[in-house]
Novice: 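Would you mind keeping the following structure in view while I ask a few things?
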Amino acid sequence: MIDPRLLREDPDRVRDGQVKRGLSPEVVDLAVAADERRRSAIVEFERLRSEQKSLGKLIPRAQGDEKTELLARTKTLSAAVKEAETAQAEAEREFRDLLLSIPNVAAPEAPAGGEDDFVVLEEVGTPRDFAVDGFEPKDHVELGRMLGAIDIDRGVKVSGARFYYLTGIGADLELALVNMAMDQARGAGFTTMVPPALVKPRAMEGTGFLGQAADDVYRIEGDDLYLVGTSEVPLAAYHSDEILDATSLPLRYAAFSPCYRKEAGSYGKDTRGIIRVHWFDKVEMFSYTTIEDSYEEHRRLLGWEREFFDKLELAYRVIDVAAGDLGLSAERKFDIEAWVPTQGRYREVTSTSNCTAFQARRLDVRARFEDGVRPVATLNGTLVSIPRAIVAILETHQQADGSVRVPKALQPYLQGREVLEPVAP
RNA sequence: GGAGGUGUCGCCUAGUCCGGUUUAUGGCGCCCGCCUGCUAAGCGGGUUGAGGGUAAUCCCCUCUCGCGGGUUCAAAUCCCGCCACCUCCGCCA
């Protein structure tokens, strides 16, 4: 939720934010009008309520006719108060609904436009040239089959399209990546976490996943619970309804959790392989900090993501995501895209967002500062999303015989193995 | 899943039976000041959060006793529903 004061005092900034995202600024005017209606409803209710209270105080002491008269007056007043209260609640609700529908105001630095309007900030490493090596690269599906690492057929048999099993070295690879990520996070001062993957509507709503994104969310029938699409959700809600000590900031958490996504509307996209799946595991970083520090913290999160992919010896680029592709909560977002050889292009492997106070305001996460209590900033960033990391590793480090070289940093986490050998032709 | 109990301002606690005199009591902790070789003790004051009025950090008002409804002129207090925790029973990886 955006700051209601910003809406009142500088609606043009909010309008600009909408336009930059390619959205209509009309909702801003509706919200401003609703705010005015809401405030006059509050004034009216409080005036009546105040009168009711002061008259009510006279009643216990009053006697006879005076008392009868007072009771008659307060009785009419009572009805008026109830009516004004209902009107106020309705006005509050209308205002809140409008306010909730407005996405975070995009950062001035974020590129304007939609999905394709991102700006490449940097390219790191060189995509491997298989012509030099003299062989045609196999894709991760084929490599996964040869290594006995990925069993897509049985995933489909048991769970349906976009499911898979990680088997043998594939499962080992996941655990290795998770441990490597957790070690790095712990070393950087993060508190490690294993959060619940089922959450109540409040957590989902508060992180902005029940708006336009709701189509992509699994809901548990009959239990009013949702399967999270990222542990950002339980991590953001972790401190909901709390007032944190400002001196404890930044609070940093690194969570390992499964992620579930319907991938609605992605029919025909990435149907082969494990690039786009309904379930995967992920290690996610999450920070609570001040608004002022959030911009630096965002860079730090990106730095830790880069460190991780550097250690995997992968070629990647960093993009500044355009406003229209930020999602509801973020004011700015950087993605890391790793080179996928058989696709001949960069594919998203991590994403880090600065949500400023947008989620904190919805979830009531505040901190006590010297000059008062204010919402904090929340930020999230992927350290490693397992399937896509595996795709990049297998395809990039493959050798002509289908074996895969293990990046040096990962070897200690794979029982010292330097090469993964095929088990099938 | 079943039965019983509990939920008050950071923590503890009074108030709930019998609705109004409660701007929710007191203690601890914390903050400011006074006093004192220092510390401790003592003394005085302050100490939930949200929203609104206003130029305003002064001030005034409204809401907030787990959450949501209801009864009533008036609800921490009475009624209904829900949630959380505790105890016991059942089931279970």
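Here is the naming used below: chain letters follow the sequence lines, and residue numbers restart at 1 for every chain.
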Novice: For the pair made of CG in A/L55 and P in B/A74, what is the distance, rounded to whole Å?
Specialist: 12 Å
Novice: Please enumerate all residues that pass ring-ring contact (aromatic ring centres under 6.0 Å, His included) together with A/F334, with sequence neighbours excluded.
Specialist: A/H298
Novice: Which nucleotide sits closest to the side chain of A/K53: B/U48, B/C73, B/U62?
Specialist: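 Between B/U48, B/C73, B/U62, the one nearest the side chain of A/K53 would be B/U62.
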Novice: Is A/T76 near enough to B/C73 that one of its side-chain N or O atoms lies under 4.0 angstrom from OP1 or OP2?
Specialist: no
Novice: Distance check, C1' atoms only: B/C67 and B/C73, in whole angstrom units.
Specialist: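 So the two C1' atoms sit 26 Å from each other.
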Novice: Where along residues 39-50 of chain A does a heavy atom fall under 4.0 Å from RNA chain B?
Specialist: A/R39, A/I42, A/V43, A/F45, A/E46, A/R49, A/S50
Novice: Tell which nucleotide pairs with B/U54, taking only Watson-Crick or G-U wobble pairs whose two distances are both under 3.5 angstrom.
Specialist: none
Novice: Measuring only the P atom in each nucleotide, how far is B/C31 from B/C85? A whole number of Å is fine.
Specialist: 34 Å
Novice: How close or far is atom C1' of B/G51 from atom CG of A/L99, stated in whole angstroms?
Specialist: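 About 14 Å, once rounded to whole Å.
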Novice: Check the distance between B/G49's C1' and A/R374's CZ and give it to me in whole angstrom.
Specialist: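 Rounded to whole Å, this separation is 16 Å.
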Novice: Hey, does A/L77 reach any base, or is it just sugar-phosphate, or nothing, if we go heavy atoms under 4.0 Å?
Specialist: nothing
Novice: Test of understanding: with side-chain contact (heavy atoms from CB on, under 4.5 Å), list the residues that count as partners of A/V43, not counting sequence neighbours.
Specialist: none
Novice: Please name the nucleotide paired to B/U77 by Watson-Crick or G-U wobble geometry with both distances under 3.5 Å, or report none.
Specialist: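 For B/U77, the partner nucleotide comes out as none, under the 3.5 Å rule.
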Novice: Do any pairs count as a side-chain hydrogen bond (donor to acceptor under 3.5 Å, both in side chains) and have a residue in residues 139-148 of chain A, sequence neighbours left out, and if so which ones?
Specialist: A/D139-A/R272, A/H140-A/E395, A/E142-A/R145
Novice: Is there a Watson-Crick or G-U wobble partner for B/G90 with both distances under 3.5 Å, and which nucleotide is it?
Specialist: none
Novice: Using the salt bridge (charged side-chain N to carboxylate O under 4.0 Å, His left out) rule, take A/R49 and A/E85 through it: C-alpha gap first, then chi angles, then the decisive distance, then the call.
Specialist: CA-CA 9 Å; A/R49 176 67 178 156; A/E85 189 175 18; over 6 Å; no
Novice: Taking the P atom of each, how far is B/U16 from B/U21, in whole Å?
Specialist: 13 Å
Novice: Using the benzene-type ring in the case of Trp, are the ring centres of A/Y253 and A/H239 under 6.0 Å apart?
Specialist: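 Close enough - the centres of the two rings lie under 6.0 Å apart.
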Novice: Using Watson-Crick or G-U wobble geometry with both distances below 3.5 Å, tell me the partner of B/C18, or none.
Specialist: none
Novice: Just checking A/R5: base, sugar-phosphate only, or nothing, at a heavy-atom cut-off of under 4.0 Å?
Specialist: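 No contact.
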Novice: Looking across every strand, which nucleic acid part, if any, lies under 4.0 Å from A/Q52 by heavy atom: base, sugar-phosphate, or nothing?
Specialist: sugar-phosphate
Novice: Identify, between A/K82 and A/G56, the residue whose nearest nucleotide on RNA chain B lies closer to the 5' end.
Specialist: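 Looking at RNA chain B, the more 5' nearest nucleotide goes with A/G56.
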Novice: Hunt down the Watson-Crick or G-U wobble partner of B/U72, both distances under 3.5 Å, from any strand shown, or write none.
Specialist: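 With both distances under 3.5 Å required, B/U72 matches none.
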Novice: List in chain and number order the residues that pass side-chain contact (heavy atoms from CB on, under 4.5 Å) with A/R39, two or more places apart in sequence or in another chain; answer none if no residue qualifies.
Specialist: A/R8, A/D35, A/E36
Novice: Tell me what A/R37 touches on the nucleic acid: a base, only sugar-phosphate, or nothing, going by heavy atoms under 4.0 Å.
Specialist: nothing
Novice: To the nearest Å, how far apart are A/K75 NZ and B/U72 P?
Specialist: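 Atom-to-atom, A/K75 to B/U72, this comes out as 7 Å.
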Novice: What is the distance, rounded to the nearest whole Å, between atom CZ of A/R202 and atom C1' of B/A84?
Specialist: 15 Å
Novice: Distance to the ring centre below 6.0 angstrom and angle to the axis at most 45 degrees; does that hold for A/R374 and A/F369?
Specialist: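 Yes, cation above the ring, under 6.0 Å and within 45°.
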Novice: Between A/R38 and A/E94, is the closest basic N to carboxylate O distance under 4.0 Å?
Specialist: no
Novice: When the C1' atoms of B/U64 and B/U23 are considered, how many whole Å apart are they?
Specialist: 14 Å
Novice: Rounded to whole angstrom, note down the P distance from B/U25 over to B/C35.
Specialist: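 Here B/U25 and B/C35 have their P atoms 30 Å from each other.
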Novice: Within the structure, does a side-chain N or O atom of A/R8 lie under 4.0 Å from either OP1 or OP2 of B/G52?
Specialist: yes
Novice: Whole angstroms only, please: what is the CD-P distance between A/Q88 and B/C61?
Specialist: 18 Å
Novice: In whole angstrom, give me the gap between the C1' atoms of B/G68 and B/C83.
Specialist: 10 Å
Novice: Between A/R366 and B/A50, is there a side-chain N or O to OP1/OP2 distance below 4.0 Å?
Specialist: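 Result: yes.
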Novice: Take atom C1' in B/U48 and the same atom in B/A24, then report the distance between them in whole Å.
Specialist: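 Comparing C1' positions in B/U48 and B/A24 gives a spacing of 12 Å.
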Novice: Using atom P of each nucleotide, how far apart are B/G70 and B/A74 to the nearest Å?
Specialist: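 Pairwise P distance, B/G70 against B/A74, rounds to 12 Å.
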Novice: Are OP1 or OP2 of B/G49 and a side-chain N or O of A/R368 less than 4.0 angstrom apart?
Specialist: yes
Novice: Is there a Watson-Crick or G-U wobble partner for B/C38 with both distances under 3.5 Å, and if so, which one is it?
Specialist: none
Novice: Do A/F163 and A/Y165 have their ring centres less than 6.0 Å from each other?
Specialist: no
Novice: A/M1 CE to B/A50 P: how many Å, rounded?
Specialist: 13 Å
Novice: Is the ring pair A/Y164/A/W279 parallel, tilted or perpendicular, if the boundaries are 30 and 60 degrees?
Specialist: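 A/Y164 and A/W279: parallel rings.
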Novice: Strictly under 3.5 Å: I want the nitrogen or oxygen pairs between protein and nucleotides 79-82 of chain B, one per line.
Specialist:
none

Novice: Look only at the side chain of A/T167 and the backbone of A/G148, and say whether a donor-acceptor pair between them is shorter than 3.5 Å.
Specialist: yes
Novice: Could you check which nucleotide pairs with B/C82 in any of the strands shown, counting Watson-Crick or G-U wobble with both distances under 3.5 Å?
Specialist: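 Its partner is B/G66.
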Novice: With a 3.5 Å limit on both atom pairs, tell me what B/C11 is paired to, counting Watson-Crick and G-U wobble, or say none.
Specialist: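 For B/C11, the partner nucleotide comes out as B/G27, under the 3.5 Å rule.
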Novice: Can you measure A/R361 atom CZ to B/G49 atom C1' for me and round it to whole angstrom units?
Specialist: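 One finds 16 Å between C1' of B/G49 and CZ of A/R361, rounded.
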Novice: Where do A/T356 and A/N104 land on the side chain to side chain donor-acceptor pair (under 3.5 Å) test, with the steps shown first?
Specialist: CA-CA 8 Å; A/T356 56; A/N104 201 353; 3.0 Å; yes
